[in-house]
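Reading through the structure tokens given below for one structure.
Note that the coordinates shown come from a computational prediction; the quantities given were computed from them, not determined experimentally. Order of the sequence lines sets the chain letters (A, B, ...), proteins ahead of strands, with each chain counted from 1.
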Number of protein chains: 2
Amino acid sequence: MGIIRKTKTVEILLNEFNKNEVAISAKKLIDSLGNTINKTTIYRVLDKLEDDGVLHSFLGKDGLKWYAKCNGCSSSKHTDMHPHFQCLSCGKVDCISTNVVLPNIPNRQIEFSQLLIQGKCEVCCA
Amino acid sequence: MGIIRKTKTVEILLNEFNKNEVAISAKKLIDSLGNTINKTTIYRVLDKLEDDGVLHSFLGKDGLKWYAKCNGCSSSKHTDMHPHFQCLSCGKVDCISTNVVLPNIPNRQIEFSQLLIQGKCEVCCA
DNA sequence: TTTGTTACTGCAACTAAGTTGCGTTATATT
DNA sequence: AATATAACGCAACTTAGTTGCAGTAACAAA
Ligand SMILES: [Mn+2]
Ligand SMILES: [Mn+2]
Ligand SMILES: [Zn+2]
Ligand SMILES: [Zn+2]
């Protein structure tokens with residue numbers, strides 16, 4: 001069940017994701033907005049935005065939950081699948097707009113896949 | 001720092017991984033061996049076996065930590081990288097012995113990657 | 001076989017991300 | 001303005017994993 005009412009929290013969170021095309025962890029949002037918005041509310045709104053196809057989520061290298069904006073998804077179709085890149089130096093995570101070539105696995109039916117690539121980002125490389 | 005003394009716990013845990021070529025989550029090991037071995041000890045021995053290159057670890061779809069036997073690794077070189085498959089029906093996880101073709105990402109230096117494929121395993125497919 | 005060193009173990013207490021229940025507040029509809 | 005109920009804040013909870021420390025056991029030396 002997604003978002004029905006345009007509340008202050010929804011607006012603030014969407015703002016965070018709009019001001020920069022980068023993924024944000026739930027923890028980071030709580031750290032930065034936690035004295036304005038209750039953490040339970042943050043988790044619940046993120047969850048609803050994901051249901052609506054506005055955001056998608058994935059797990060970073062430590063198992064933390066990250067969110068980023070979707071491209072062309074809606075509440076009925078969530079099709080924006082892609083790898084993510086996490087910088088081991090600065091911690092930044094972003095979406096990689098490439099299709100992953102999955103290995104051939106006999107006798108198994110693939111439904112999802114998640115690829116997390118780790119290394120140095122373009123800033124930390126230079 | 002790896003394992004120095006061949007203790008009962010080490011033997012029991014290695015046994016678990018030897019009797020079946022499948023990945024096992026730390027949680028599962030605690031559930032099944034927790035009244036014989038303390039969970040702290042289980043976590044610590046798994047950690048050391050990983051240092052030694054006997055086991056490798058990765059995160060499953062819920063962020064739980066899984067372990068599986070390494071092939072050709074040692075304490076000095078941990079090179080057995082490969083994707084993992086988690087069955088969404090029965091929960092089984094296993095190692096896929098295939099090299100992953102990583103997408104081309106400009107201006108970034110790749111150090112690791114982890115690919116988790118989800119779907120139905122060979123048993124649950126039939 | 002006994003002794004001594006210290007790696008390993010068990011326990012209890014802790015950490016931290018995420019969840020749940022419930023009473024209150026605010027949005028949107030009439 | 002009155003009403004319905006989605007959304008919120010708070011506190012308490014859940015759970016995988018960690019930490020500190022005192023006691024135990026593996027292993028080598030005597
Ligand atoms: Mn993404
Ligand atoms: Mn594996
Ligand atoms: Zn970086
Ligand atoms: Zn299965």
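A heavy atom lying under 4.0 Å from DNA chain D marks the following residues of residues 3-18 of chain A, by number: A/Ile3, A/Ile4, A/Arg5, A/Thr7, A/Thr9.
For B/Leu46 and C/dC8, the CG to P distance is 14 Å, given to the nearest whole Å. Distance A/Ile42 CD1 to D/dA7 P: 16 Å, rounded to the nearest Å. Here the P atom of nucleotide C/dT25 and the CD1 atom of A/Ile37 are 19 Å apart, to the nearest Å. One atom, CG of B/Asp62, and another, P of D/dG17, lie 11 Å apart when rounded to the nearest Å.
By the 4.5 Å heavy-atom criterion applied to side chains, A/Tyr67 and A/Leu46 are counted as neighbours.
Relative ring orientation between B/Phe58 and B/Trp66 is described as parallel, the plane-to-plane angle staying below 30° on a 0-90° scale split at 30° and 60°.
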Problem set entry | Pair B/Glu21-B/Lys69, salt bridge (charged side-chain N to carboxylate O under 4.0 Å, His left out): steps then yes or no | CA-CA 8 Å; B/Glu21 282 298 319; B/Lys69 273 206 291 181; 3.3 Å; yes
For this session: Show the numbers, then the answer: is there a salt bridge (charged side-chain N to carboxylate O under 4.0 Å, His left out) between B/Lys92 and B/Glu122?
Result: CA-CA 10 Å; B/Lys92 189 181 71 169; B/Glu122 65 276 23; 3.1 Å; yes
Problem set entry | Full working for side chain to side chain contact (heavy atoms under 4.5 Å, CB included) between A/Leu115 and B/Leu102 | CA-CA 9 Å; A/Leu115 172 61; B/Leu102 291 180; 4.2 Å; yes
Problem set entry | Criterion salt bridge (charged side-chain N to carboxylate O under 4.0 Å, His left out) on A/Asp52 and A/Lys48, from CA distance to verdict | CA-CA 6 Å; A/Asp52 287 338; A/Lys48 287 182 179 175; over 6 Å; no
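Without hydrogens or angle criteria, A/Glu50 side chain to A/Ser57 main chain gives a donor-acceptor distance under 3.5 Å.
The phosphate of C/dC8 has OP1 or OP2 within less than 4.0 Å of a side-chain N or O from B/Lys48.
Crowding of B/Asn18 atom CG: a count of heavy atoms from other residues, nucleotides or ligands under 6.0 Å exceeding 12.
An end-to-end axis angle of 30° holds for the helix from C/dT1-D/dA30 to C/dT30-D/dA1, taken from five base pairs per end and rounded to 10°.
In the model, B/Gln114 has a side-chain atom that pairs as donor or acceptor with a side-chain atom of A/Gln118 under 3.5 Å. In the model, A/Asp80 has no side-chain atom that pairs as donor or acceptor with a side-chain atom of A/His78 under 3.5 Å.
Ion pairing between a basic and an acidic side chain is recognised when a charged N comes within 4.0 Å of a carboxylate O; B/Asp94 and A/Arg108 show such pairing.
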For this session: Using a 4.0 Å heavy-atom cut-off, write out nucleotides 16-22 of chain C from 5' to 3' as B (base contacted by protein), S (sugar-phosphate only) or - (no contact).
Result: -SBBBB-
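Residue contacts for B/Lys28: at a heavy-atom cut-off of 4.0 Å it reaches no nucleic acid atom on any strand shown.
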